[in-house]
Each structure stands twice: as structure tokens, then as C-alpha cells.
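Accompanying notes for the structure given below.
Order of listing sets the numbers, starting from 1, for every ligand and every atom in it. Note that the structure is a prediction, hence the values are computed from the model and not measured. The figures here come from the full heavy-atom set of this structure, side chains too, leaving out hydrogens, waters and symmetry mates. All residue numbers refer to positions in the sequence shown, counting from 1.
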Amino acid sequence: MHSNTITTSPCSLLTAADFAGLAGDTVLGAVRHSTGAGPPRWEHGLPVLPLHMRRPGEHEVVEVWHTDGPVVRTGEHEGLLYAHDGEVLFCAGWIGPSADCGEAAHRAYLAAFELVERLGYPNVFRMWNMLEGITDRSAHGTEVYADFRVGRGRAFDERGRDMPASTGIGALGGGVAFYFLAHRTRAAVHLENPLQRPAHAYPSRYGPRSPSFARATYLASEHGPGSLYVSGTASILDHATVARGDVVRQCQVTLANIATLIGEDNLARHGVDGGYRLHDLRTVKVYVKRPEDVPTVTRLCRDEFSRRADIAVFTVDACRPDLLVEIEGSTR
Ligand code: 3EB
């Protein structure tokens, strides 16, 4: 359906040692899921975001966004570190610990939108938001995740921007951090899931401002299959959490949600030819609330996804206290 030539940036999930051994010229940017967080920094001239997503004893997972572009340019804009290769932009930012992350999220997202417009990568197609104490109360007595949604939502409204695929998930420390990918052209299709109410239309009982994200984003390619980016997906049907307290069923509902989202019927509904199955997701990140559920969830996911998929499991909270598991993924 799209005639633009698009290359996308494949992702892999590596150990720190494998990351250290990579040829630098294949990397656009990276996220270190480690035991400490902080502002994005330069490593070998490329932007790297350290996130506190691992517990003591868990090995670091490095999420690497690759490039085959011959020239990677880098820069900094209001604390955001970025790299771009002529097609894709990787950008990372850190809000850090604060009494109210809403105002900071508003500023950070406005800076991000300003950057992508100025650099000519207007199409933000995937974003991640990691929030320490996501379900805690902030100094205002409101929920941290609610404060964040309000600030982020205002930035989307003020700039009239499309809502892309996203993850909004807990972190073990470091306040709020985020990173995103943007494309030079506009050939992105933001997908909704017929089994789930669009997040921006959740009822107000979940808080003051519905979250601003799509269930997935599809990028077409002239040369072959496109790329699909699936948002953090949970055991939510319509707007309600289902299978409270039952991690096996939550995992099954989540996987079924993703299967419906990426399947042929739903893509056709959005004007996209073809369809995907769980086996086609080659980079998968799984978030599990309770450490004791990790073996069960890992086994269920290994059974459903391809043996060729990179799968990483993180033990962090999701945005609703009753969500025990959340899963995201992308094709390559
Ligand atoms: C949900 O479906 C679970 O705020 O960016 C999933 C993906 C969730 C993204 C976000 C939140 C976000 O509502 C939570």
C-alpha cells in the first residue's frame, strides 16, 4: 500500500559481553537494562540509556537498535541524546526522580517533538517509558503513572501528533526514563485491537487522562515485508483487567490479544496486506510483576514464540496493580 522505500532498524537483546564485542558501525543506539539508571550517555560515540530493570544477580540485557546506514550522525537536544542514519532516529531521555513527573514529561516530549521536526524524522513510530514506582502516589497524592499521562498527553495534544506504539512500565529505580524511534517518512500505520478499547478512550475511572498510545505500529517496505512494533500488551479486554491473580490465564489472554492484534484480519481492517503470527515476533520483552511467576511466564512464552526470537524477561511492576504480566515485541 505504501510506495516509500523504508528500511527499519532491527533490534537484538544481548548480554553485556556480546554488546562489547559488536562492531560499532552496526549500532544506532542501545538501552542497558541494568542495576542502575541515569541520564543517557555516549559510549563509543553512540547514545546509550542505562535503565534500572534488573535485580541483583540478574545479568544485564542490552537492547541494541542496529543500522545498516553507512553514516550515523549524533547529537544532543535539551538533554536528549540521539543518533540517526538517514532513515531511522534513535533518541533517549531521562527525567529522573521528581515530585511530579508530569511537568517534566510534558517538557521532555515537547523537546522530543521539536527535535524530530527539526531533524526531519517526523514519524515517531515506537516509544518506551519506564517509571520508578509507577503505581505509587506522587507528592501530590496522585498516581505517578497518572501524573506522567497528564504531562505526556498535553504534549501530544499541543502538537496534534499521532499516538504510536508504546510501552509504559515500571522500573526498579531512577525516576522516569524514555526512549523512542522515529522515521524520516510518514508511512506508518498505527493499529488498534478489536479486543481492547483504544487506550486513549479508557473510561475516566482509571484516572484523569487516558494514556496516549496505539496497540501497534506497522511500517511498510517496498522491498519485502514491513516491520511491526507491538506495544506493551496486557491481560486487558475492552478496558478491564481480566484473570485477576491468575498469572497463567493473564499470560494466555495477553498472548491471544497480541495474536489478534497482529493477525491478518486486524491488519486488513487497517488497510495492511498480510498478517503475522506470534512466531514472527523476533524480539520479545516480557515484564513480570512477581519474581515467583518468572519461571511460569518464561515457559509459556518460550512455547509460543519462535526459538529464533530474542526473549528477555524483566521483574518490574506494570501500570495497574492487578496486571501480573505485560508483553511487547517486534518483527525484524
Ligand atoms: C494498557 O494496555 C497497559 O502508557 O505508554 C501499555 C502500553 C500500557 C503503553 C503507555 C501503557 C502504555 O493500558 C499499559
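Between Phe156 and Phe113, the ring planes lie perpendicular to each other; the angle is over 60°, past the 30° to 60° tilted range. Aromatic ring pairs are classed by plane angle as parallel below 30°, tilted from 30° to 60° and perpendicular above 60°; the pair Phe148 and Tyr109 is perpendicular.
Here the heavy atom of the protein found nearest to atom 5 (O) of ligand 1 is Ser166 OG, 2.6 Å. Nearest protein heavy-atom contact of atom 8 (C) of ligand 1 is Phe213 CZ, 3.7 Å. Taking atom 2 (O) of ligand 1 as the reference point, the nearest protein heavy-atom neighbour is Arg215 NH1, 2.9 Å. Looking only at heavy atoms of the protein, atom 6 (C) of ligand 1 is closest to Gly232 O, 3.2 Å. For atom 13 (O) of ligand 1, the nearest protein heavy atom (residue, atom name, distance) is Tyr202 OH, 2.7 Å. Looking only at protein heavy atoms, the nearest one to atom 4 (O) of ligand 1 is Tyr145 OH, 2.6 Å.
For the pair Arg54 (side chain) and His59 (backbone), a donor-acceptor distance under 3.5 Å is present. Listed for the Ser235 side chain is no donor-acceptor partner under 3.5 Å among the backbone atoms of Thr254.
Of the N and O atoms on the side chains of Glu158 and His106, at least one donor lies less than 3.5 Å from an acceptor on the other residue. No hydrogens or angles considered: nothing links the side chains of Asn257 and Thr233 as a donor-acceptor pair under 3.5 Å.
No part of Met163 comes within 4.0 Å of ligand 1, judged by heavy-atom distances. Contacts between Thr167 and ligand 1, counted as non-hydrogen atom pairs separated by less than 4.0 Å, involve the backbone only. If you look at Cys319 next to ligand 1, the close heavy atoms, those under 4.0 Å, all belong to the side chain.
We find that Arg32 and Glu43 are joined by a salt bridge, their nearest charged nitrogen and carboxylate oxygen being less than 4.0 Å apart. Taking the charged nitrogens against the carboxylate oxygens, Arg320 and Glu143 have no contact shorter than 4.0 Å, which rules out a salt bridge.
Within ligand 1, the atoms closer than 4.0 Å to a non-hydrogen atom of Ile236 are 1 (C), 2 (O), 13 (O), numbered from 1 in the order shown. Each of the atoms 3 (C), 6 (C), 14 (C) of ligand 1 lies under 4.0 Å from some heavy atom of Glu326.
Put simply, no part of Met127 is less than 4.0 Å from ligand 1, judged by heavy atoms. Using a 4.0 Å cutoff on heavy atoms, Arg149 does not count as a contact of ligand 1.
Identified under the ring-ring contact (aromatic ring centres under 6.0 Å, His included) test for residues 237-262, with sequence neighbours left out: Tyr206-His239.
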